[in-house]
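As the structure is a prediction and not an experimental result, all values here were calculated from the model. Values below: every heavy atom of this structure, side chains too, minus hydrogens, waters and symmetry copies.
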Amino acid sequence: MAWPPCEVPDGHPALKDLPKFHVRGPNEQLFEESMVWARPMTDAECTLRYLVGLDVNMAFGAGANGLAVGLGAPTHVKAPVFDPKLPGSWLVDLSHVDLSRVKVAKDTWADLDSSLLPSPFTPKGEHPTGPAWYATPTVAYAQELGYDVAPLEAWVQYDNGRYLDGWYQRLRDAHLATMADLGVDADLSPEDFLAAMDGYKDRDPELALVLSAIKATAKGSIGKMRERPRGENWRPGEPWRALSRPTWRPDIRAAVISRTRINLHRKIVKHAAFTGQYPIAVNHDCVVYASNGPSPLDFLPYRQGKPLPGGFKLGINPGLVKHEGTQTVLWGEQVREKFNAPELNLARFIKDGEITNADNGE
């Protein structure tokens with residue numbers, strides 16, 4: 001299959017005619033990656049006692065669930081009408097999407113403090129400044145937030161289907177069965193779930209290894225879809241071994257990562273609109289909030305055991321969240337001061353609080 005130039009990484013044969021030192025901009029390459037973002041705490045957040053981290057279970061698996069992906073060759077279209085059901089890559093300007101006012105339900109708009117939110121359209125949470133290539137889930141989210149989109153061009157795949165469903169379902173079933181064997185069932189109340197998760201890996205170290213293998217499969221499989229050259233005297237512009245595999249699918253990787261990032265951002269927006277609380281930091285599938293108490297239940301808006309619709313829900317199913325860790329606000333301020341980094345990504349260290357060197361964002 002011939003790949004669109006926007007979907008392939010630097011050095012790919014499709015780009016061999018580019019000048020040697022050409023640096024591709026956002027309007028030339030599809031750059032869908034997990035979100036890594038942080039901000040300084042507000043004065044009000046500094047008066048709270050704790051920082052609490054939530055981690056999304058099997059985030060990439062949940063992102064792949066029910067996702068339509070291409071089954072055939074892509075078609076290049078100029079000035080297309082965006083179709084949220086059509087897999088592909090779209091060149092579109094999303095800089096007009098204003099997070100200070102977004103749609104959170106069919107006929108409901110919410111006013112938010114956009115300075116406390118990451119943009120969902122860039123991996124580092126920066127606001128886009130012009131046209132860029134995005135996978136379908138990202139563009140669809142701009143529409144969901146209440147804004148029109150007008151793509152300049154696209155590479156779309158009319159022949160498509162839910163290619164990853166079987167893969168996801170097997171991993172999900174293995175994950176749930178292993179967690180149940182470790183004493184964490186899918187139907188526990190929020191309080192019982194948090195109690196069951198306390199030290200669950202210590203109950204059976206061998207099962208804990210199985211669980212790690214399941215999670216690594218879910219994450220690593222997506223990464224393999226755009227595997228880069230691994231030595232072998234490779235030179236830019238030449239093909240490398242992974243390109244000959246049917247599982248080398250940079251378009252699928254981009255779509256899964258796009259949907260995973262959007263799924264998390266949607267929860268963040270729903271939570272902010274309902275509670276007025278905003279994240280301190282996001283690191284891939286982990287998000288950190290300031291709280292008066294050390295437990296997720298001290299800030300998650302559960303009502304009679306039911307979570308906020310569309311928001312964060314505690315549980316073991318893929319896409320639900322677990323408690324990643326809790327540190328004090330004082331700890332967060334001290335480590336940021338120590339490294340002179342007011343935007344140090346605390347989500348990277350919330351689990352055990354140990355920082356060996358300054359976060360470089362990698």
Side-chain angles (χ1 to χ4, degrees), residues 1-18 22-34 58-77 86-91 123 132-139 153-172 213-262 284-285 318 362:
M1 183 188 300
W3 294 102
C6 63
E7 293 181 358
V8 297
D10 290 339
H12 189 277
L15 306 176
K16 63 181 179 181
D17 293 330
L18 285 179
H22 178 75
V23 178
R24 292 192 294 163
N27 63 334
E28 296 177 281
Q29 61 178 322
L30 179 66
F31 191 58
E32 294 282 10
E33 299 293 344
S34 299
M58 276 181 60
F60 287 142
N65 181 29
L67 179 67
V69 299
L71 302 178
T75 301
H76 189 218
V77 184
L86 188 60
S89 300
W90 309 79
L91 180 61
W133 285 96
Y134 302 99
T136 297
T138 301
V139 187
E153 61 178 294
W155 290 89
V156 296
Q157 292 169 305
Y158 295 107
D159 181 14
N160 58 75
R162 293 165 59 160
Y163 173 74
L164 298 174
D165 275 10
W167 171 83
Y168 161 75
Q169 289 161 6
R170 285 172 173 79
L171 287 175
R172 175 203 61 198
I214 295 169
K215 293 179 179 179
T217 300
K219 184 176 181 179
S221 298
I222 301 304
K224 277 285 187 180
M225 289 182 172
R226 201 184 68 166
E227 183 178 334
R228 301 297 184 92
R230 299 196 172 192
E232 301 175 337
N233 297 316
W234 172 81
R235 293 181 180 179
E238 296 179 349
W240 58 91
R241 185 181 305 183
L243 299 186
S244 63
R245 300 171 186 158
T247 52
W248 197 86
R249 293 292 304 271
D251 59 317
I252 293 181
R253 175 189 180 274
V256 171
I257 292 177
S258 163
R259 195 164 184 239
T260 301
R261 190 182 69 249
I262 294 308
H284 305 297
D285 50 8
E362 294 297 322

*Grab the two heavy atoms, one from Ala14 and one from Trp3, that are nearest each other, plus how far apart they are.*
CB-O, 4.1 Å
*Parallel, tilted or perpendicular for Trp240 and His12, by the 30°/60° rule?*
perpendicular
*Taking all non-hydrogen atoms of both residues into account, name the closest pair between Ser89 and Cys6 and its distance.*
CB-SG, 4.1 Å
*Side chains of Asp251 and Val69 in contact at under 4.5 Å (non-hydrogen atoms)*: no
*Side chain proximity check, Phe60 to Leu164, heavy atoms < 4.5 angstrom*: no
*Can you see which heavy atom on Pro74 is nearest to which on Trp155, and at what distance?*
CB-CE3, 4.1 Å
*Could you state the interatomic distance from CD (Glu32) to CZ (Arg226), rounded to the nearest 0.5 Å?*
10.5 Å
*Start with the C-alpha gap between Val8 and Leu15, add the side-chain angles, then the distance that decides, and say whether side-chain contact (heavy atoms from CB on, under 4.5 Å) holds.*
CA-CA 8 Å; Val8 297; Leu15 306 176; 3.9 Å; yes
*Spacing of Arg24 atom CZ and Leu30 atom CG [to the nearest 0.5 Å]*: 9.5 Å
*Thr138 side chain to Ser258 main-chain N or O, any donor-acceptor pair under 3.5 Å?*
no
*Can you tell me how far the CD1 atom of Ile222 sits from the OG1 atom of Thr217, to the nearest 0.5 Å?*
11.0 Å
_Shortest non-hydrogen contact between Ser34 and Ile257, atoms and distance_ = N-CG2, 3.5 Å
*Should we say atom NZ of Lys215 is surrounded by more than 12 heavy atoms from elsewhere, each under 6.0 Å from it?*
yes
*Heavy-atom side-chain contact between Asn65 and Arg172 under 4.5 Å*: no
*Minimum-distance pair of heavy atoms, taken over all atoms of Ile262 and Pro137*: CG1-O, 4.0 Å
*So, does Arg259 use its side chain to make a donor-acceptor pair with the main chain of Gly63 at under 3.5 Å?*
yes
_Check: Pro123 main-chain N/O paired with Glu33 side-chain donor or acceptor under 3.5 Å_ = no
*asked:* Is it the case that the side chain of Trp133 and the backbone of Asn27 share a donor-acceptor pair, with hydrogens and angles ignored and the cut-off at 3.5 Å?
replied: yes
*So, do Ser221 and Leu171 sit near enough that their side-chain heavy atoms are less than 4.5 Å apart?*
no
*Thr136 (side chain) donor-acceptor with Gly88 (main chain) under 3.5 angstrom*: yes
_Ignoring hydrogens, what is the shortest heavy-atom contact between Ala64 and Asp165? Give both atom names and the distance._
O-OD1, 4.1 Å
*Answer yes or no: does atom CZ of Arg170 have more than 12 heavy-atom neighbours from other residues, nucleotides or ligands under 6.0 Å?*
no
_Set out, in order, the CA-CA distance, both residues' side-chain angles and the distance that settles side-chain contact (heavy atoms from CB on, under 4.5 Å) for Lys224 and Arg249, then state yes or no._
CA-CA 8 Å; Lys224 277 285 187 180; Arg249 293 292 304 271; over 6 Å; no
_Counting C-beta onward and ignoring hydrogens, is there a side-chain heavy-atom pair between Arg241 and Trp248 closer than 4.5 Å?_
no
*Measure the CD-CG distance between Glu28 and Asp10 for me, rounded to the nearest 0.5 Å.*
9.5 Å
*Measuring from Gln157:CD to Ile252:CD1, what's the distance to the nearest 0.5 Å?*
8.0 Å
*Between the main-chain N or O of Ala242 and the side-chain N or O of Glu227, is there a donor-acceptor pair closer than 3.5 Å?*
no
